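As the structure is a prediction and not an experimental result, all values here were calculated from the model. Heavy-atom basis, side chains included; hydrogens, waters and symmetry copies ignored. Letters go in sequence order (proteins before strands), and every chain restarts at 1.
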Amino acid sequence: MTRRLRILLVSVALLAPVFAASRDEADARTLDEANRYYRRGQYQEALRIYEDLLRVRGPSRDLLYNAGNAAFQVYRDTTATNREGKLALAIRHFEWAKRLSPSDEDVAFNLEFSRRLVSDRIQAPEPNALLFALFFYYYLATVPTLALLAAIAFLLAGAAAAARILLSADREALRTASLTVLLVAACLWAILLASAIVKHRATRLDDRAWIRTETADLRTEPRPDAPVALELHEGTRVKTVNSVDQWDQVRLEDGRQGWIPGERLLK
Amino acid sequence: MKVRAARFLPIACLAALAPLFASMEVQVDAEKIGQEDTLGVEVILEGEEAQPEIRSADFEMRGSSRSSQIQIINGAVTKRTIYHFDLGPMRTGSLSFSVAAGKETKGPVAIEVVAGRLKAPPAQARNPIEEFFGGNPWGAPQPQRRAEFGEDEALVRNEVPKTQVWLGETIPVDTVLYTRVVIEQPRLAKEDEASGFSVEPVNDFQPQSARATLNGQNYQKIVLRRRLFTPTLTGNATIKGAVLRLEKGGGFWGGPARNVKVPDLTLTVSPLPDAGKPATFRGAVGEFALKARLSAGTVKAHDAATLVYELSGQGNFRGTTLPAPSLRDPDLASRRAAVRDTVKFTPQGQEGTLAAEYMLIPEREKFYTLPGVEWSYFSPAKAAYITLRTPTLTLTATKADKDGGPSVTINGSREVETQREDIRYIHTAGLRSASSGPFRSPWFIALHALALIAAAGAFAARRIHELRRHGGLGLSSHALERAQKRLKQCVKHRGDSDAFHRHLEAALQGYLQDRLGVSAGMPLTEVRRFAVAQFGESEELAGLFELVRACQAARYARPSEGGSDAGKSDRAEATLRAIDRLWGEKKGGKP
């Protein structure tokens, strides 16, 4: 029994790369099929396959981008029977893809294009002038840029440390300068890396949701007869902060809060 | 027991049973009746859904009704469920019954039944005192109390402004009480039936009171409620009157009560004429006005403008369809954004504004013409169809802010060059591995590793450089410590000359090997030559080699010839310290 088990384990270990390779090939063929559907204008079929691949393989930039495109095309087809929620789905996929690849121009363009169709113009308030002056790099730079700057600062600190080590004691001025550069670069590295991490966490999509129905009433309490504070429209992004029964407490970009039935949100 | 005491019976029942079942109340209209009379029993449930049941072998059920009681007091409306039972006694004597509703039971309630009829309505002279108390509470029971409430003292009618209406025309229907006595708490025992109508209550209606003459008699006219009826079928449509239970007030103990049925009301509903019916007519009947407006006349391409169609007036808003824009320009996308409904059911009818908002998104930079829309309704006042038309609107789309937008050149009214903007195409390069963010990217890790390697390399280079300059191995700085440890070992062997001198020699030669970086097998003369070459000749070095040779000689000599062991180890340590100090001062370079 033990010997058979060993043989089985060894066989599995040897064949695992083969299985993995064959699975990749199968996924690639499935992706080609979805792309063919898209080219032929059969967007719903393409979207279904993209979504299946996302479930199987996990999120990747290209899959999310293609799925967002397909969802957007379904939404744009006014004769489609299941248009509801597709604009929100497209925006969510594009935002996710942008988070994975912030520098991708296609993703950024399609996200901006989709957002133009959202009726609600809710924007986050401008940051405090003092905060902006102090942390301008946080507001202006993207996460990869901050991470790159942090890495460069670390490299500079390493070079300064190397210089200080190599310089002999009789070259005191250069040793002092290299120590100064080392300390400054280390501080910059710490600040930039912390900013990158904080901004990376702030752009998480875990607690984000999008209005999936044409309209959704933002109510002051989780009751159907509670006063309506605001009428939101499809595609508007909110942040979920609490949940009671079938109701979600959400916060808008501008800080306003309210309750929306969970069925009207795409999470 | 006298019939007059029946006044106390509901209170007694309530007082006795209130702790058990506060939401059920049982009232009887008499405690003593004739066998030919009918006993009226009212079971009032508040917040109770159970069906009450009369349990008795002494009474037969002659009738029952259920109603949702509506009490109108100073305009405030409250509701209760009232079950009314008419019981007929099956024999004379002391009879009883009980009432069960759900798990609760009330009773038994004892009723004395005598032969004949006690509820005949004899006319009685009015007594100011009894009028005040609703009867004499100390006097004889008066089984004829119901007869005191004459039919002409209070009447209820449904009144409409006209009986000839058009299909879809909303008319108010008032339920009016005409009374010459004080009526307390008129209750709705049975709602009216109005098939062929859609009925809506008027929001926040306040009862109105006025003097009126009816059938030659003066009455106080009280409009109890007003509802809006909209006929949905043509022909004669009858509103079957409701039943109200009126209680004559004025007495401390309450007054006589009776059910009053509202007479049926028949309306003639005429169909809307086919002649002149416009194609844009969608069933609106009333008086309306239509406006169209744009939120902005000029927007940037891909920005949204809001087109609003606002329908206001009075009529059957609920049965109408709002106009929609007829946009033929493929570059102007539109979708319905919201419907604003401020229509209320006022005493005059359905009034307010219904607005449909459409979001227009110009996809290119150019001028757009929004043709006016037509919308028709039927005016009952003019007995004719009226068509409303909104003016033509224009929307100017300017160049978009970002991404360059579409390239459009306007030459007069002709477009010379157009380039339609759309979302970018899908990626067809195949599957790629998921990105895990910048912190695990190769360049991020490589830059950090490069910095660490640079620092570590510099440290290593510095170390190698120092070693080369000092001419020793890495242990050279610890050579003295190692030699001192070995000297402590040799002290432990003081009784054994051979072992003592062997350890002492190992300590001295070990120091030289560590300090000079020479191998253990190098002859002593070579070691000395190497040391002299590195650090030069000195007395301390000569003393050290003299000690080494002394140890070698002592290992093969008798103990008496070897001298003091303790003195040798102390001298060896002193010599090593002196050499280490000397060579440490000279480490800057060769002599």
Side-chain angles (χ1 to χ4, degrees), chain A residues 24 27-28 31-32 35 38-39 46 53 57-63 65-66 68-70 72-73 76 78 99-102 105-107 109-110 112-114 116-117 119 121 143-144 146-148 150-152 154-159 161-166 193 196-197 200 214-215 231 233, chain B residues 300-304 306 333-340 357-359 361-363 400-404 421-441 443-463 465-466 469:
Chain A
D24 284 345
D27 289 346
L31 179 66
D32 288 341
N35 291 344
Y38 189 93
R39 278 195 291 273
L53 277 174
R57 292 185 63 89
S60 73
R61 181 199 62 183
D62 293 334
L63 266 180
Y65 173 77
N66 288 2
N69 271 24
F72 184 84
Q73 299 286 12
R76 196 155 64 172
T78 54
R99 187 170 187 272
L100 293 180
S101 182
E105 290 184 0
D106 291 344
V107 172
F109 181 88
N110 284 5
E112 183 62 29
F113 196 92
S114 306
R116 289 176 192 157
L117 299 185
S119 307
R121 295 283 184 267
V143 174
L146 288 170
L148 177 65
I152 291 173
F154 193 78
L155 186 62
L156 185 62
R164 180 170 172 77
I165 290 170
L166 292 175
L193 187 63
I197 292 172
H200 186 69
E214 190 173 3
T215 60
E231 185 183 76
H233 299 89
Chain B
K300 291 171 182 171
H302 304 298
D303 277 354
T306 304
S334 74
R335 71 184 182 99
R336 192 161 170 164
V339 174
R340 313 285 176 195
E357 295 183 3
Y358 292 86
M359 192 171 65
I361 303 170
E363 297 187 1
D401 270 345
K402 294 180 180 179
D403 306 313
E421 188 183 45
D422 202 349
I423 62 169
R424 295 188 179 175
Y425 200 61
I426 56 173
H427 291 171
T428 56
L431 291 168
R432 296 178 191 172
S433 58
S435 169
S436 53
F439 305 114
R440 294 181 187 173
S441 59
W443 55 263
F444 185 80
I445 296 171
L447 286 175
H448 280 77
L450 191 60
L452 293 174
I453 290 170
F459 182 78
R462 172 80 180 188
R463 190 66 182 158
H465 176 71
E466 282 184 355
R469 289 182 65 184

Can you find a pair of side-chain heavy atoms, one from [X] and one from [Y], that are under 4.5 Å apart?
{"X": "B:Met359", "Y": "A:His233", "answer": "no"}
{"X": "B:Phe439", "Y": "A:Ile197", "answer": "yes"}
{"X": "A:Leu148", "Y": "B:Leu447", "answer": "yes"}
{"X": "B:Phe459", "Y": "A:Leu166", "answer": "no"}

- Note on the structure: Minimal heavy-atom distance between A:Gly158 and B:Ala454, with the atoms involved, is O-CB, 4.4 Å
- Task: Search all heavy atoms of A:Pro144 against all heavy atoms of B:Trp443 and return the closest pair with its distance.
- Result: O-CH2, 3.7 Å
- Message: Would you say B:His427 and A:Asn66 are linked by a side-chain donor-acceptor pair, where the criterion is simply a distance under 3.5 Å?
- Response: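 Side-chain D/A pair, A:Asn66 to B:His427: absent.
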Engaged part of [X] at the chain B interface, taking heavy atoms whose separation is under 4.5 Å:
{"X": "A:Arg39", "value": "both"}
{"X": "A:Leu146", "value": "neither"}
{"X": "A:Ala147", "value": "both"}
{"X": "A:Ala70", "value": "neither"}
{"X": "A:Glu105", "value": "both"}
{"X": "A:Leu156", "value": "neither"}

- Per the ring pair (Phe, Tyr, Trp, His ring centres under 6.0 Å) rule, which among A:Tyr38, A:Phe109, A:Phe72, A:Tyr65 passes with B:Tyr425?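 That would be A:Tyr38; it is the only one of A:Tyr38, A:Phe109, A:Phe72, A:Tyr65 passing the ring pair (Phe, Tyr, Trp, His ring centres under 6.0 Å) with B:Tyr425.
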- Cut-off 4.5 Å, heavy atoms of chain A, and the answer for B:Leu450 is both
- Query: Hey, what do you get for NE2 (B:His448) to CD1 (A:Ile152), rounding to the nearest 0.5 Å?
  - Reply: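 Going from the NE2 atom of B:His448 to the CD1 atom of A:Ile152 covers 10.5 Å.
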- Heavy-atom donor-acceptor pair, A:Asn110 side chain to B:Arg424 backbone, under 3.5 Å: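 At least one qualifying donor-acceptor pair exists.
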- Task: Verify, without hydrogens or angle tests, whether A:Asp106 (side chain) and B:Ile426 (backbone) share a donor-acceptor contact under 3.5 angstrom.
- Result: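 The answer is no, because no donor-acceptor pair under 3.5 Å joins these two groups.
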